Protein chains: 2
Amino acid sequence: MSGFGETIRNRREELQKQNPQFSLRAVAGRVPLEPSYLSRIERGLEAPPSEQTIRRLAEILEFDSDALLALAGKVSADLADIIRKRPVLFGQLIRELKHLPDQAVLRLVREIRDGNW
Amino acid sequence: MSGFGETIRNRREELQKQNPQFSLRAVAGRVPLEPSYLSRIERGLEAPPSEQTIRRLAEILEFDSDALLALAGKVSADLADIIRKRPVLFGQLIRELKHLPDQAVLRLVREIRDGNW
DNA sequence: TGGAGTGTGCAGTATACACTACACACATGA
DNA sequence: TCATGTGTGTAGTGTATACTGCACACTCCA
């Protein structure tokens with residue numbers, strides 16, 4: 001599994017091919033961040049930045065923010081909030097779902113969305 | 001909703017009634033922690049301690065650790081790990097479950113446990 | 001050939017986190 | 001009365017987090 005830095009560097013360079021507004025400096029400027037800091041992050045010399053900064057990067061690089069946060073070893077604060085409101089219940093559920101295949105979880109999501117619960 | 005400090009103080013004092021081994025000093029000694037630190041935490045003068053320390057307190061005070069962590073504004077690291085392995089999938093699911101009543105979530109837990117998925 | 005743009009190296013900083021250490025005041029019982 | 005146990009107040013500490021700031025080397029092209 002590739003790391004956080006590697007992922008955003010690859011994604012940025014991919015976008016940069018089509019559009020010069022995706023140079024390291026340009027992206028850093030939009031976040032905003034110091035270019036040298038972003039550089040160190042992309043090369044994995046520095047730990048991933050804060051959740052807010054990761055969200056901003058995900059926005060700019062058009063990347064799923066939950067996925068990017070996960071690569072940074074974090075869980076989105078809004079999800080954590082949902083769990084914290086019913087910790088025992090959600091604790092049970094999530095531990096139960098741990099070994100359930102993607103397909104089954106996805107089916108669950110759809111059934112809940114369709115109001116079958 | 002009562003805070004973290006208040007909760008552990010109440011719980012500790014309740015146990016202390018039956019057993020002198022639940023004085024602030026004795027509990028602090030078992031964790032182990034400096035008594036003054038635990039005192040400040042119980043009175044809400046200090047932020048809740050680390051996840052490890054909260055788990056230890058939950059163990060000593062026979063309190064659900066997920067619930068205690070939630071009062072401290074935290075989500076158990078093992079749950080976070082599960083989510084981080086499939087961030088998009090679990091993100092969808094949890095946001096979908098946000099407004100589902102306890103009863104429905106509980107039924108879900110049981111159905112999954114019974115292998116109906 | 002020099003000005004603009006590329007990424008990088010190195011140093012420094014403010015704030016929060018998670019505590020320890022120790023002195024103090026009060027109560028109780030022997 | 002004094003040793004023991006109760007909780008508390010104040011100060012200090014080491015480490016991590018999340019960055020900034022600026023100088024530097026390289027490339028490109030006008």
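Below, all heavy atoms of this structure are taken into account, side chains as well, without hydrogens, waters or symmetry copies. Everything quoted here is computed from the prediction, not taken from an experiment. In what follows, every chain begins at residue 1, and chains take the letters A, B, ... in the order their sequences are listed.
Residues from residues 35-45 of chain B that place a heavy atom under 4.0 Å from any atom of DNA chain D, listed by number: P35(B), S36(B), S39(B), R40(B), R43(B). Listed by residue number, there are no residues of residues 58-65 of chain B with a heavy-atom contact under 4.0 Å to DNA chain D.
Judged by distance alone, with hydrogens and angles left aside, the side-chain atoms of R56(A) form no donor-acceptor pair with the main-chain N or O of P32(A) at under 3.5 Å.
Residue L108(A) holds its CG atom at 10.5 Å from CZ of R110(A), rounded to the nearest 0.5 Å. Separating the CG atom in L100(B) from the CD1 atom in I94(B) is a distance of 13.0 Å, to the nearest 0.5 Å. Note that OG of S76(B) and CG of L68(B) are 11.5 Å apart. Values are rounded to the nearest 0.5 Å.
Contact footprint of chain B on DNA chain C: nucleotides with an atom under 4.0 Å from a non-hydrogen protein atom, first to last in 5' to 3' order, dA18(C) to dC22(C).
With respect to the salt-bridge test (charged N to carboxylate O, under 4.0 angstrom), the residues R9(A) and E6(A) do not qualify. Using a 4.0 Å cut-off between charged side-chain N and carboxylate O, E51(A) and R55(A) make a salt bridge.
Regarding F22(B), its CZ atom lies at a distance of 13 Å from the P atom of dT6(D), rounded to whole Å. Counting to the nearest Å, the C1' atom of dT8(D) and the CZ atom of R12(B) are 12 Å from each other. Straight-line distance from the CZ atom of R9(B) to the P atom of dG7(D): 8 Å, rounded to whole Å. At whole-Å resolution of the value, CG in L33(B) and C1' in dG7(D) are 15 Å apart.
When each of R95(B), R86(B), R84(B) is paired with D66(A), the side-chain hydrogen bond (donor to acceptor under 3.5 Å, both in side chains) condition holds for R95(B) and for no other.
Each of R25(B) and E46(B) lies near DNA chain C, and the nucleotide nearest E46(B) is the one positioned closer to the 5' end. Closest-nucleotide positions on DNA chain C for A47(B) and P32(B) were compared, and the one nearer the 5' end corresponds to A47(B).
Closest non-hydrogen pair, A72(A) versus I54(A), comes out as CB-CD1, 3.4 Å. Of all non-hydrogen atoms in V109(A) and Q92(B), the two that sit nearest each other are CG1-OE1, 3.8 Å. The two residues P49(A) and L57(A) have their closest heavy-atom pair at CG-CD1, 4.4 Å.
Taking 4.5 Å as the limit, every side-chain heavy atom of L38(A) sits out of range of all side-chain heavy atoms of V31(A).
In this structure, R56(A) does not reach the dA18(D) phosphate: none of its side-chain N or O atoms is under 4.0 Å from OP1 or OP2. OP1 or OP2 of dG7(D) lies within a sub-4.0 Å distance of a side-chain N or O belonging to Q16(B).
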